[in-house]
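Heavy atoms only: backbone and side chains are in, while hydrogens, waters and symmetry mates are out.
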Amino acid sequence: MTDDVVRSHARGIPAERVVAATGAAPDDWYDRLDRADGRTIGHTAIAAWLVGQGVDPWWAQSVAVGYEQSRGLRVPGQRSDGTFAVSASRQVDGDREAVLDRAVVVASAAFGHGPTSERRGGKRPSARWTSADRESVLLTTEDGPRPGTVRLSATRERLTGPERMPEAKAGLRDLLAAV
C-alpha cells in the first residue's frame with residue numbers, strides 16, 4: 001500500500017494541532033494510554049478514556065486512531081471493525097445541494113442504481129450507495145474554502161482488505177472528476 005492511497009495518522013495531523021486541541025502532544029497521550037492498558041481495551045474504550053481526560057470527542061477519536069496505528073493495532077485505512085476505507089475529495093463551484101444533485105446523477109450512473117439513502121439540508125448533505133456485499137460509497141458536500149465553492153468528498157467503506165484500497169481510491173478519483 002502506498003502513501004498516496006491512505007496516509008498514516010502521523011502524516012495526516014500535525015502534532016502542534018493535536019497539542020492546541022488537546023493540551024498534550026500525541027506521544028504524551030500515547031504514553032498515558034500505554035499506562036491505561038490502551039493496547040488491550042479496544043478503540044471505543046480508548047476514545048472514552050480520552051474524553052474522560054477532557055479531550056473533545058472528535059479529537060479523542062483522532063488520538064485513538066493515532067495511538068492504535070503507532071502501536072501496530074491497526075494499519076492506515078483500517079477501521080475499528082477491521083474493514084478498510086479510502087476517500088478522495090475535490091473543490092467544485094456551486095452550492096452544497098446543487099453539487100450533491102450533480103454528484104448523485106454521476107454516481108447513480110456509475111453504480112447502476114440510485115442512492116440507498118440521502119440526507120439533505122444541514123452543513124453536510126450526503127448520499128450513500130450500499131452494494132449487496134455491504135461495501136458502500138458515501139458522498140458528502142460541505143462549504144468550501146471560498147464563497148461559492150463546495151468540498152465534495154467520496155468515501156468507499158467496508159473494503160475487506162488493504163489490497164482493495166488502491167483500486168477503490170482510483171475509482172473515487174475518477175468519480176469525482178466526472179462531477
query = Given the rule in the side chain to side chain contact (heavy atoms under 4.5 Å, CB included) test, do Trp49 and Arg32 qualify, once you have shown the distances and angles that lead to the verdict?
reply = CA-CA 10 Å; Trp49 183 88; Arg32 293 179 198 176; 3.8 Å; yes
request  = For Glu157 and Thr83, run side chain to side chain contact (heavy atoms under 4.5 Å, CB included): C-alpha distance rounded to whole Å, both residues' side-chain angles, the deciding distance at 0.1 Å, then the answer.
outcome  = CA-CA 8 Å; Glu157 301 171 312; Thr83 64; over 6 Å; no
key: Evaluation steps, side chain to side chain contact (heavy atoms under 4.5 Å, CB included), between Val137 and Leu172   = CA-CA 9 Å; Val137 173; Leu172 293 178; 4.2 Å; yes
ask   = Between Arg39 and Tyr67, does a side chain to side chain contact (heavy atoms under 4.5 Å, CB included) hold up when you go through it step by step?
value = CA-CA 9 Å; Arg39 291 177 193 255; Tyr67 174 76; 3.3 Å; yes
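One distance of note links CH2 of Trp129 with OG of Ser117; it measures 9.0 Å at 0.5 Å rounding. Distance check, rounded to the nearest 0.5 Å: CZ of Arg134 to OG1 of Thr160 gives 13.0 Å. Between the CD1 atom in Ile13 and the CH2 atom in Trp59 there is a gap of 5.0 Å [rounded to 0.5 Å]. Here the CG atom belonging to Leu50 is positioned 11.0 Å from the CG atom belonging to Asp56, to the nearest 0.5 angstrom. Summarising the geometry, atom CG belonging to Asp93 is positioned 9.5 Å from atom CD belonging to Gln91; distances are rounded to the nearest 0.5 Å. Within the model, atoms CZ of Arg173 and CZ of Arg90 stand 13.0 Å from one another, a figure rounded to the nearest 0.5 Å.
Counting all heavy atoms, side chain and backbone alike, Gln61 lies closest to Ala47 at NE2-CB, 3.4 Å. The minimum heavy-atom distance between Pro76 and Gln69, with the atom names listed, is CA-NE2, 3.4 Å. Across all non-hydrogen atoms, the minimal contact from Ala168 to Leu159 is CB-CD1, 3.8 Å. Shown here for Thr130 and Ser136, the closest heavy-atom pair between the two residues is OG1-CB, 3.7 Å. The two residues Val63 and Tyr30 have their closest heavy-atom pair at O-CE2, 3.7 Å. In this structure, Ile41 and Ala36 approach most closely via the heavy-atom pair CD1-O, 4.0 Å.
Lys169 contributes a side-chain N or O that, together with a main-chain N or O of Ser87, makes up a donor-acceptor pair within less than 3.5 Å. Counting only distance, with no hydrogens or angles, the side chain of Asp95 and the backbone of Ala98 share a donor-acceptor pair below 3.5 Å.
Within the 4.5 Å cutoff, side-chain heavy atoms of Pro115 are placed close to those of Val104. Taking 4.5 Å as the limit, some side-chain heavy atom of Asp34 sits within range of a side-chain heavy atom of Arg71. Looking only at side-chain heavy atoms (C-beta outward), Trp29 and Gln53 come within less than 4.5 Å of each other. In this structure the side chain of Glu16 reaches within 4.5 angstrom of the side chain of Pro14, judged on heavy atoms.
Glu135 has no carboxylate O lying under 4.0 Å from a charged side-chain N of Arg158, or vice versa, which leaves the two without a salt bridge. Ion pairing of Glu118 with Arg120 is present here, as a side-chain N (NZ or NE/NH1/NH2) and a carboxylate O approach within less than 4.0 Å. With salt bridges taken as basic N to acidic carboxylate O contacts below 4.0 Å, none links Asp143 and Lys123.
Each of Val179 and Val105 belongs to its own hydrophobic cluster when Ile, Leu, Val, Met, Phe, Trp and Tyr are linked at side-chain heavy-atom distances under 4.5 angstrom. No continuous path of ILVMFWY side-chain contacts below 4.5 Å connects Val51 to Val65, so the two sit in separate hydrophobic clusters.
For Glu97, the CD atom sits in a packed shell: over 12 heavy atoms of surrounding residues, nucleotides or ligands are nearer than 6.0 Å.
When only modelled atom types and interatomic distance are considered, His43 and Arg79 share no side-chain donor-acceptor pair under 3.5 Å.
Just one residue in the list Leu138, Thr155, Leu139 forms a side chain to side chain contact (heavy atoms under 4.5 Å, CB included) with Arg128, and that residue is Leu138.
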